[in-house]
Amino acid sequence: GESVGLHLPTLSVQEGDNSIINCAYSNSASDYFIWYKQESGKGPQFIIDIRSNMDKRQGQRVTVLLNKTVKHLSLQIAATQPGDSAVYFCAENKAAGNKLTFGGGTRVLVKP
Amino acid sequence: SAVISQKPSRDICQRGTSLTIQCQVDSQVTMMFWYRQQPGQSLTLIATANQGSEATYESGFVIDKFPISRPNLTFSTLTVSNMSPEDSSIYLCSVGGSEGGTYNEQFFGPGTRLTVL
């Protein structure tokens, strides 16, 4: 079936560098995408979302890019900090269907 | 965003027993969902908790194993019945979500960490 997946399971980043987390999706009908951050022992925390009629959206230190041609989603974290260490999930949501399909997750480890 | 709490936060249970997990939201919400996150894995939707009617289950999940209640717009319960070690997971409720062409983010509770011996 259609699913959302990730290229890299673990990403080690030097503190202060930028992080890029990638996600591939296969359902061309998907029209809404969300990035979540999950710290150990906690529930997923909403980071940023993007609709399919956009190709870029920026938040505080984060940018999400959407490439519908190749069905690719990425999350960029600027000046990565120790507090950014977590597992990051992309999720796909169809407004009509109202269900989230999650990718496999990428663990980001920030080295001091 | 809504403030979501879950009880218990964690539990250790014996196989064959049942555990009911509660999800409380600080505001009325239309959509509530229950997810399972197995150790080291991603989240999988169990069901949509419908207020005033039976929950809508995803493929692979059945009401006899995971009965759900939704008595009002701020509260829901998930029961994990006749537990086995394979049910050891984090169970998460979420609220919000898109419907009717409106895009709304989903917010998650802190989760209930269940260990079945």
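The analysis underlying the following values was restricted to heavy atoms, covering all of them including side chains, and did not include hydrogens, waters or symmetry mates. Naming convention: chains lettered A, B, ... in sequence-line order (proteins, then strands); numbering from 1 in each chain. All figures in this text were calculated on a predicted structure; none of them were measured in a lab.
- Side-chain atoms of B:Glu58 and B:Tyr35 include no donor-acceptor pair closer than 3.5 Å.
- Contacts of B:Leu43 with chain A are made by both backbone and side-chain atoms, with heavy-atom separations under 4.5 Å.
- Across B:Pro110, B:Gly111, B:Gly109, the residue that shares the most heavy-atom pairs under 4.5 angstrom with chain A is B:Pro110.
- In this structure, the salt bridge (Lys or Arg N to Asp or Glu O under 4.0 Å) partners of A:Arg57, at least two apart in sequence or on a different chain, are A:Asp49.
- For A:Thr80 and A:Asn18, the side-chain atoms include no donor-acceptor pair closer than 3.5 Å.
- Residue contact with chain B, scored on non-hydrogen atoms closer than 4.5 Å, involves the side chain of A:Gln38 exclusively.
- Not a single ring-ring contact (aromatic ring centres under 6.0 Å, His included) links B:Tyr57 to another residue, sequence neighbours left out.
- Of the atoms belonging to B:Gln6, not a single heavy atom falls under 4.5 Å from chain A.
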